[in-house]
Number of protein chains: 2
Amino acid sequence: MAAAILVVEDEPAIRELVVLNLQQAGHRPVVADSAEQALALMRDALPDLILLDWMLPGMSGVEFARRVKADAYTKQVPIIMLTARSDEQDKITGLETGADDYITKPFSPRELNARIKAVLRRLAPQVAGNPVEMAGLRLDPSTHRVAGNDRTIELGPTEFRLLHFFMTRPERVHSRAQVLDQVWGNHVFVEDRTVDVHIRRLRRALEASGHDVLIQTVRGSGYRFSARAED
Amino acid sequence: MAAAILVVEDEPAIRELVVLNLQQAGHRPVVADSAEQALALMRDALPDLILLDWMLPGMSGVEFARRVKADAYTKQVPIIMLTARSDEQDKITGLETGADDYITKPFSPRELNARIKAVLRRLAPQVAGNPVEMAGLRLDPSTHRVAGNDRTIELGPTEFRLLHFFMTRPERVHSRAQVLDQVWGNHVFVEDRTVDVHIRRLRRALEASGHDVLIQTVRGSGYRFSARAED
DNA sequence: CGTCAATGTGACGTATTGATGACAATAAAT
DNA sequence: ATTTATTGTCATCAATACGTCACATTGACG
């Protein structure tokens, strides 16, 4: 969820406040005190999101937003505008110009973070995932259901991800390290042997329909998910 | 093709004229003389279409349209705006704000009916007015009624929208974030946990007819509405 | 057959996550 | 002006998922 956020705001006090908040929330703020400077910064590196003050000296926020949205290269970067309270017309103009959301000043840190999160979430690709089926075992990510021979199987979150990982990469041996990277995430610190335990839990859950045999141990290497007979 | 049509118009003369026309054409007109009243009416029952005068005392037609289109629950209701002749700028603003068509005053009954028919035809499949039924639980958006095994169930506005959201997307798991985006709307900022509380309230209301079991918790992912057995 | 390393398995303390009731703020109704 | 509904948040409780360990079992190899 950490993101590079370009803050375009001419008032130093508000700017610092916002920057501090963003850092607190784990983001990487980049500041510009004018629209011109912001455009220059964006030529070097595109931010994940722009926080834009609507009232700026020189080029106005409206004009800046228009340019960002007019350029094919920068067009997809979401913009949240900061407007004075009650300036209803600004909000309308802003949203029409292409801003993705707005915050009225003064705003709380909580509101700021909530809106940033919401905008980033909305624009994140919907990783839907298609149902997978193999030897009578079916897993559907969108409904979060697993069935063996049409009988529902209950799995905990980790076992579910583990099974999904195996079913989408069958017939291949995965080391414990690889499984940890893919299923747990490549930045967690967990013992290799923990994988064994979750394999055990998954096998036990699959026993009811006899699908536990699909998870094969490859001694010295790791595990393999396969519909073919063992070894 | 009979439809419930909300007429938002402050001038009594025009209002009566339009209402008569609509009745003649077999529609069911509901009137509001201000944007505020219109919003209140829409909380009770969604119309199939809104006929909106652009010049209103109090909240303007633009602002009203913007609100309707900003709320996930009402956003798909089509809007036809009524503008004074030659007010070209209004048309542009109106269409940008989300109006689906416009008619310039004065207009003939024939023109009015033709446009209504056209808009309804174009948007018919998406209109939210269709009742939904599942496992003896019935929800009718146009009358704002819910019944479990033919016994009326009382729901607050939020619980109603929540249930409607679930019933129109059964089986699929929805994260709290997705539910917030779809049921609460885009610019509201509320905690993820608030969803839990409303799920609780909805479940309690459905307990009387035993339909509370249709709302399933998918630990680590969100909630699912399903007539099939739990997990 | 015995040894050692790799894997299986049950148990346990802790951390997460969801359920629930209470509460205050706000809006609506009277 | 009061009362009533509705809503969002929080504190607390309960459920269960998680990671690690200790010990059992297995398999390869001399």
Side-chain angles (χ1 to χ4, degrees), chain A residues 108-111 113-115 118 144 146 153-163 173-177 179-181 183-185 187-207 212-213 215-224 230-231, chain B residues 34 36-44 59 67 71 73 144 146 153-163 173-177 179-181 183-185 187-207 212-213 215-224 230-231:
Chain A
S108 68
R110 263 194 54 204
E111 178 172 9
N113 289 325
R115 292 211 186 285
H144 209 274
V146 180
I153 294 174
E154 293 186 25
L155 290 182
T158 303
E159 280 71 53
F160 185 87
R161 273 179 292 144
L162 187 57
L163 180 59
V173 180
H174 306 282
S175 71
R176 289 174 176 73
V179 172
L180 280 179
D181 277 358
V183 178
W184 270 256
H187 51 342
V188 278
F189 167 65
V190 176
E191 291 289 327
D192 273 15
R193 295 299 313 277
T194 298
V195 174
D196 297 33
V197 178
H198 281 274
I199 287 283
R200 158 67 180 145
R201 288 169 180 159
L202 180 52
R203 278 174 171 157
R204 183 160 47 191
L206 297 181
E207 264 170 22
D212 57 315
V213 298
I215 300 173
Q216 306 170 355
T217 303
V218 182
R219 203 180 172 78
S221 302
Y223 296 96
R224 172 175 53 205
E230 177 92 37
D231 289 326
Chain B
S34 71
E36 288 79 5
Q37 197 189 346
L39 286 174
L41 285 170
M42 289 183 68
R43 271 194 287 276
D44 287 339
M59 189 193 299
R67 289 212 194 177
D71 185 337
Y73 181 58
H144 204 273
V146 180
I153 295 175
E154 296 288 334
L155 287 184
T158 302
E159 280 71 51
F160 182 85
R161 295 204 308 270
L162 187 57
L163 180 59
V173 174
H174 307 282
S175 70
R176 289 173 178 74
V179 172
L180 279 181
D181 277 355
V183 177
W184 270 256
H187 335 68
V188 284
F189 75 103
V190 288
E191 294 289 323
D192 276 13
R193 291 273 145 224
T194 299
V195 175
D196 297 34
V197 178
H198 283 274
I199 287 282
R200 159 70 178 139
R201 288 168 180 160
L202 180 52
R203 277 175 172 158
R204 183 158 46 190
L206 297 181
E207 261 170 24
D212 56 315
V213 298
I215 300 173
Q216 306 172 352
T217 303
V218 180
R219 186 169 250 265
S221 299
Y223 295 95
R224 173 176 54 206
E230 174 88 38
D231 285 326

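Letters A, B, ... mirror the listed sequences (proteins, then strands); counts begin at 1.
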Kindly write out the residues that satisfy side chain to side chain donor-acceptor pair (under 3.5 Å) with [X], not counting sequence neighbours, or none if the list is empty.
X        : result
A/Arg193 : A/Asp196
B/Gln37  : none
A/His174 : none
A/Arg110 : B/Glu191

**OP:** Between A/Arg201 and A/Tyr223, name the one whose nearest nucleotide on DNA chain C is closer to the 5' end.
**Re:**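 Looking at the nearest nucleotide for each, A/Tyr223 comes out on the 5' side.
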Going by side chain to side chain contact (heavy atoms under 4.5 Å, CB included), name the residues that satisfy it together with [X], two or more places apart in sequence or in a different chain.
X        : value
A/Ala177 : A/Ser175
A/Val173 : A/Val218, A/Ser221, A/Arg224
B/Val190 : B/Leu180, B/Trp184, B/Thr194
A/Asp181 : A/Asn186

Just the rounded figure in Å: distance from [atom2] of [N] to [atom1] of [X].
X        : N     : atom1 : atom2 : answer
B/Leu162 : D/dT7 : CG    : C1'   : 13 Å
B/Trp184 : D/dT7 : CH2   : P     : 9 Å
B/Leu202 : D/dT7 : CG    : P     : 12 Å
B/Leu155 : D/dT7 : CG    : P     : 10 Å

Original post:
With a 4.0 Å cut-off on heavy atoms, is A/Phe160 in touch with a base, just the backbone sugar-phosphate, or nothing at all?
Top reply: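 Answer is nothing: A/Phe160 stays at 4.0 Å or more from every strand.
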Could you check whether B/Glu159 gets within reach of a base, just the sugar-phosphate, or nothing at all, counting any heavy atom under 4.0 Å?
->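 Sugar-phosphate: the residue B/Glu159, judged by heavy atoms under 4.0 Å, touches backbone atoms but no base.
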Pairs under 3.5 angstrom, nitrogen or oxygen only, protein versus nucleotides 11-14 of chain D, please.
none

Hey, is A/Glu111 close enough to A/Arg115 for a salt bridge, meaning N to O under 4.0 Å?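 Here A/Glu111 pairs with A/Arg115 in a salt bridge, since their nearest N and O are under 4.0 Å apart.
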Approximate separation, where rounding is to 0.5 Å, of A/Asp212 CG and A/Glu207 CD: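 Those atoms lie 5.0 Å apart.
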- Hey, where on DNA chain C does chain B first and last touch, going 5' to 3'? Cut-off is any atom under 4.0 Å from a heavy atom.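 So the outermost contacting nucleotides come out as C/dT16 to C/dA28.
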Pick from A/His198, A/Arg200, A/Arg201: which one makes a side chain to side chain donor-acceptor pair (under 3.5 Å) with A/Glu159?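 Checked A/His198, A/Arg200, A/Arg201 against A/Glu159; only one passes side chain to side chain donor-acceptor pair (under 3.5 Å): A/His198.
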| said: Taking the nucleotide of DNA chain D with the nearest heavy atom to each, does A/Arg161 or B/Pro157 sit closer to the 5' end? | reply: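 Per heavy-atom nearest nucleotide, the more 5' residue is B/Pro157.
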5' precedence on DNA chain D between B/His198 and A/Gly156 (nearest-nucleotide basis)
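Closer to the 5' end of DNA chain D: B/His198.
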Is there a residue in residues 187-197 of chain A whose heavy atoms reach under 4.0 Å of DNA chain D, and which residues are they?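 Nucleic-acid contacts, sorted: A/Val190, A/Glu191, A/Thr194, A/Val197.
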*In degrees rounded to 10°, what angle is found between the helical axes fit to the five outermost pairs at each end of the helix from C/dC1-D/dG30 to C/dT30-D/dA1?*
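That helix has its two terminal axes inclined by roughly 20°.
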side-chain contact (heavy atoms from CB on, under 4.5 Å), paired with B/Phe160, selected from B/Val146, B/Leu202, B/Ile153
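Exactly one option meets the side-chain contact (heavy atoms from CB on, under 4.5 Å) with B/Phe160, and it is B/Val146.
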Worksheet entry | Side-chain heavy atoms of A/Val179 within contact of A/Tyr223, under 4.5 Å |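 A side-chain contact under 4.5 Å is absent here.
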What pair of heavy atoms forms the shortest contact from B/Thr158 to B/Val183, and how long is it?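 Shortest heavy-atom separation between B/Thr158 and B/Val183 comes out as O-CG1, 4.5 Å.
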